[in-house]
Amino acid sequence: MTKSISSARADFPILNQLVNDHPLVYLDNAATAQKPRSVIDSLVHYYEFDNANIHRGNHTLAIRATEAHEAARSTIAGFINAQYAHEIVFTRGTTESINLVAYSFGEAFVKAGDEIIVTELEHHSNYVPWFLLCKRKGATFRVVPFDQDGELDLEVFKSMLSEKTRLVAVNHVSNSLGTVNPISEIIQLAHQAGVPVLVDAAQSVQHLDHDVQALDADFYAFSGHKIYGPTGVGVLYGKEKWLEEMPPFLSGGEMIENVTCDKVTFNTLPFKFEAGTPDVSGPIGLAAAIDYLIQFDPAELKDYETDLLNYGLELLSDIPDLTIYGNPKHRSSILPFNVAGIQHYDMGVLLDNYGIAVRTGQHCTQPVMDALGITGTVRASLALYNTREDIDALVNGIKRVQRLFRRKS
Amino acid sequence: MKTIPEIEAQFIDDFNQLENWEEKYDYLIELGDSLPEMPAELKTADNLVKGCQSSVWFATRCEDGRLFIEADSDSLIIKGIVAILVQLLSGQPSSDIAHADLTMFETLGLWRHLSSQRSNGVTAMMAHLKQSAATCQIN
Ligand SMILES: Cc1ncc(COP(=O)(O)O)c(C=O)c1O
């Protein structure tokens, strides 16, 4: 039995409140999503009954905590269809996952004269670590541009791929425009050139297909907090063959097998990459979020979210003086716009007075804003609990702000 | 010339007389409108306050220990805030600016986003102005 999407909203206690005397309309889901009751309960349960340090205790709580933590790893591996649970490394989030690869893969495989390819659509988290790696190693940093519609230029991408390319790092969905990049095609092209690909799935794993084996992704990174799980936990999936060959990122406890005065041997995967006491509860909450999400029929969910996005695009495009950015063939859950004469910051602040939460500014994608020649956008972003009423409230809010400003000019 | 606390008290009074947040924003934007235009050549990287979500420029000039301020922002709300700061501080003795402890933004309970955020904060703007005040001495 699949769960009906219309029943989702009631599962998120935070949504049921007034903000500035208006019912909360939460449209900042690309920044972080809210958590269903089951996720909150899983964390409370963990701390009320199971809390212990893991992997090295022999008492009952330690065993329970370890089992729950490792069961979460399996749940996550299953969710993204990793071949092995040990290909799942827990991190603090997408940013740390990418930094781990930029460091460890970089140490093992990148040298002067090599090239790394990213795109102009990347979040700074999938841009800066590669930029710095290239600086460190004397490698060349190459950036695939996007066009007027917000689509990557695959011809340029193809022409950049060469025997010097060590890795391609690209997002599946752009967090500032919502472009759904042709990730399978990008991976195929890269693989034809013998180049591995890191997929930044921060904005896609909760909305779109997330089968790492079907995609044949070499690395796949996402954050728990954007997929209805807790903050502070993220995932790095890496193909076993890459993770085996990469040196550790952080070092210390947990990641070590044997330490003597002159020799250190590392623990097996995934623990080699998990130094120190991990966030024990984070993965447990994340697994609860995945258990929640998989109650819905994926096709139905995708249809629902696509329909809601299209409804938003349609209504927004009817507002005079409003510009929607990008026009990609496929867009996911992101509505980026500006209203002439009203700075994005002002729009965000005034919408908040009507209880509407959106994000404004550059969204950690300065290259995107520079390419568009703007200082920022207003971004409304959707989650499965959003409804047409939320979009209607946004549209009304925008119109009220327009009236407020029109009186001034 | 009135002191900084005197002008601040006047602003608190003015805002408290307004009924609802729409009127308060109206007034704020009006204040921004009344700000003398800042010459484009003063909008330099040096005069840009760092760490703000919207662009805020302050150009300062020191005359015999008093700091004179010109300012602008691409956000109308921030421009209103900036106008308040100019009315409060421009022409005041630099030592008063250096020791100014503005409370009106908290007192009014308005623009929480301005006091709570690292970016765009009145704090960042004040730090910028206090820095200029520190080097402004009586001849
Ligand atoms: C596409 C993309 N990549 C990376 C990140 C960084 O995620 P986190 O801050 O959770 O590490 C984000 C979050 O905004 C994102 O949208």
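Quick caveat, the model's predicted, so the values are computed rather than measured. Letters A, B, ... mirror the listed sequences (proteins, then strands); counts begin at 1.
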>> Would I342(A) and L76(B) count as a side-chain contact (heavy atoms from CB on, under 4.5 Å) here? Give the steps.
In response: CA-CA 8 Å; I342(A) 306 177; L76(B) 295 190; over 6 Å; no

> Counting heavy-atom pairs under 4.5 Å to chain B, which of N353(A), T375(A), L350(A) comes out on top?
Replying inline: N353(A)

Do other residues, nucleotides or ligands put more than 12 heavy atoms under 6.0 Å from the [atom1] atom of [X]?
X       : atom1 : result
E19(B)  : CD    : no
D318(A) : CG    : yes
Q148(A) : CD    : no
N20(B)  : CG    : yes
H99(B)  : NE2   : no

Straight-line distance of [X] [atom1] to [Y] [atom2], nearest 0.5 Å:
X       : Y       : atom1 : atom2 : result
M347(A) : S75(B)  : CE    : OG    : 12.0 Å
L404(A) : Y25(B)  : CG    : OH    : 9.5 Å
I78(B)  : Y345(A) : CD1   : OH    : 3.5 Å
E22(B)  : R403(A) : CD    : CZ    : 10.0 Å

> Can you check side-chain contact (heavy atoms from CB on, under 4.5 Å) on I29(B) and F405(A), steps first, answer last?
Replying inline: CA-CA 9 Å; I29(B) 293 168; F405(A) 270 66; 4.0 Å; yes

> What residues, two or more places apart in sequence or in another chain, satisfy side-chain hydrogen bond (donor to acceptor under 3.5 Å, both in side chains) together with N181(A)?
Replying inline: N171(A)

